[in-house]
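The structure presented is a predicted model; accordingly, all values stated were derived computationally and were not measured.
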Amino acid sequence: MMSSSTKTASPILVYVAFATVYIVWGSTYFFIQKALTGFPPFILGAFRFILAGLILMSWCKLRGENVFDRKSIKTAVVSGLLMLGVGNGIVIWVEQVIPSGLVAIMVASAAIWFVILDKPKWGENLRSKSTVAGLIVGFIGVIFLFGEQLLQTLNTPQSTFQIISMCLLVIGPIGWAAGSLYSKHHADNKISVSAGTAWQMLAAGFAFLLGSLLNAEHKHFQWSEVPAEAWLSIIYLILFGSIAAFSAYVWLLTVRPATQVSTYAYVNPVVAVLLSLLFTTEKISLIQVLGLFIILASVLLINLAKYKQNKLATS
């Protein structure tokens, strides 16, 4: 999906697309927590991704795009289960007990796992001092981010559930990075990017549906009891989070350098924390703010090496 070649595009459209990726993806953490006030986590994921996948697949069919290829569908299913099922699924689950701002900060650490899991690039990445420094700094940031909360959690009645949630939140970015790398190394371009994305969403959506059935969420859930705020939040997640923002992201990769597009990783956590502080009762401590800046610094260090490599390649 990431290409070194870029096309010309209207500056206004580029600004709008960047604003969409920066603000919408950053706001999804806030709206996931709002949607959880009316939807159980697995039903929320199933409803969001199945509906978004069907909408996107229908759009692809109307445009006459090829949406069926066995190998491409397999790649999309595996990457979708890892990225959206594991990565985003854990985000949905842990936001039941962990503030959305802290979740967004932790997810920014996915850049660390991209380096660790991308075995074909180990020789290149691990020779870079800034990349290695970024990995070390990133893990220090994670310790700062959760150290204080872990100590506080040990003294609360829900300590076990919260500790499990924090451990899962470490796994979430690993799933996202692993799914992204699998998709990258197995892409064959026999179906469009939009169609592949639709298959990813459908695979994750049906995995959530299975999880919902196994967890018997339907026994205690009544559609009629879902508050308007939760309905509006899930509609936002479907239309803006799962369709508009991702489409803007994919388009930006075709018209701007990948290193520039990846700056969303710096902005999303800041947007999420601001929304959390402005519109909820969540509080962010100074130590957790320090963790935020440390993790963002680690992402910057990791991308710095990639930026220098791309600059040398194009000079």
Closest approach of [X] and [Y], non-hydrogen atoms and distance?
| X | Y | answer |
| --- | --- | --- |
| G196 | A76 | O-CB, 3.6 Å |
| A272 | A104 | CB-CB, 3.3 Å |
| A52 | I243 | O-CD1, 4.1 Å |
| W25 | G241 | NE1-O, 3.5 Å |
| E65 | S192 | OE1-OG, 2.5 Å |
| I191 | V67 | CG2-C, 3.9 Å |

Straight-line distance of [X] [atom1] to [Y] [atom2], nearest 0.5 Å:
| X | Y | atom1 | atom2 | result |
| --- | --- | --- | --- | --- |
| L44 | E95 | CG | CD | 9.5 Å |
| F208 | F47 | CZ | CZ | 14.5 Å |
| S242 | L51 | OG | CG | 9.5 Å |
| I50 | M201 | CD1 | CE | 12.5 Å |
| L202 | L56 | CG | CG | 9.0 Å |
| N88 | L237 | CG | CG | 8.5 Å |

* **Worked verdict on Q96 versus W93 for side-chain contact (heavy atoms from CB on, under 4.5 Å)** => CA-CA 6 Å; Q96 296 177 96; W93 179 264; 3.3 Å; yes
* Asked: If two hydrophobic side chains count as joined below 4.5 Å and joins carry through other members, does F240 share a cluster with L84?
  ->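 Cluster IDs for F240 and L84 match.
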* Spell out, yes or no, whether I136 and I294 are grouped together once hydrophobic residues are joined by side-chain heavy atoms under 4.5 Å, including indirect joins. =>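 In one cluster with I136: I294, yes.
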* Asked: Going by heavy atoms in the side chains, are F39 and V226 under 4.5 Å from each other?
  ->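 Of all side-chain heavy-atom pairs linking V226 with F39, at least one is under 4.5 Å.
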* Minimum side-chain heavy-atom gap I43-P40 below 4.5 Å ->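 A side-chain contact exists here, since the closest heavy-atom pair is under 4.5 Å.
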* Within the side chain of T75, is there an N or O that forms a donor-acceptor pair under 3.5 Å with the backbone of K71? ->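 At least one qualifying donor-acceptor pair exists.
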* Do N66 side-chain atoms and K190 backbone N/O form a donor-acceptor pair below 3.5 Å? ->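 Indeed, once roles are kept as given, a pair shorter than 3.5 Å links the two residues.
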* To do: Give the intermediate values and the outcome of side-chain contact (heavy atoms from CB on, under 4.5 Å) for residues F68 and I73.
  => CA-CA 7 Å; F68 292 104; I73 292 174; 4.2 Å; yes
* Set of residues satisfying side chain to side chain donor-acceptor pair (under 3.5 Å) with respect to Y182, sequence neighbours excluded ->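 Here no residue qualifies.
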* To do: Could you list the residues that satisfy side chain to side chain donor-acceptor pair (under 3.5 Å) with T28, not counting sequence neighbours?
  =>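 Here no residue qualifies.
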* To do: Would you check, one step at a time, whether the test side-chain contact (heavy atoms from CB on, under 4.5 Å) holds for M166 with V94?
  => CA-CA 7 Å; M166 282 187 275; V94 302; over 6 Å; no
* Neighbour count above 12 (heavy atom, 6.0 Å) for I12 CD1 ->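 Not more than 12 within 6.0 Å, no.
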* **I23, CD1 atom: more than 12 neighbouring heavy atoms under 6.0 Å** =>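 Incorrect, the count does not exceed 12.
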* Report the C-alpha distance between Y236 and S27 in whole Å, list the side-chain angles of each, state the deciding distance to 0.1 Å, and finish with yes or no for side chain to side chain donor-acceptor pair (under 3.5 Å). => CA-CA 10 Å; Y236 179 89; S27 66; 2.6 Å; yes
* To do: Kindly state each residue pair satisfying side chain to side chain donor-acceptor pair (under 3.5 Å) with at least one member in residues 217-231, sequence neighbours excluded.
  =>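 Only S212-E217 qualify under side chain to side chain donor-acceptor pair (under 3.5 Å).
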* Donor + acceptor pair across side chains of Q200, S79 (<3.5 Å) ->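 Judged by distance alone, the side chains do pair up.
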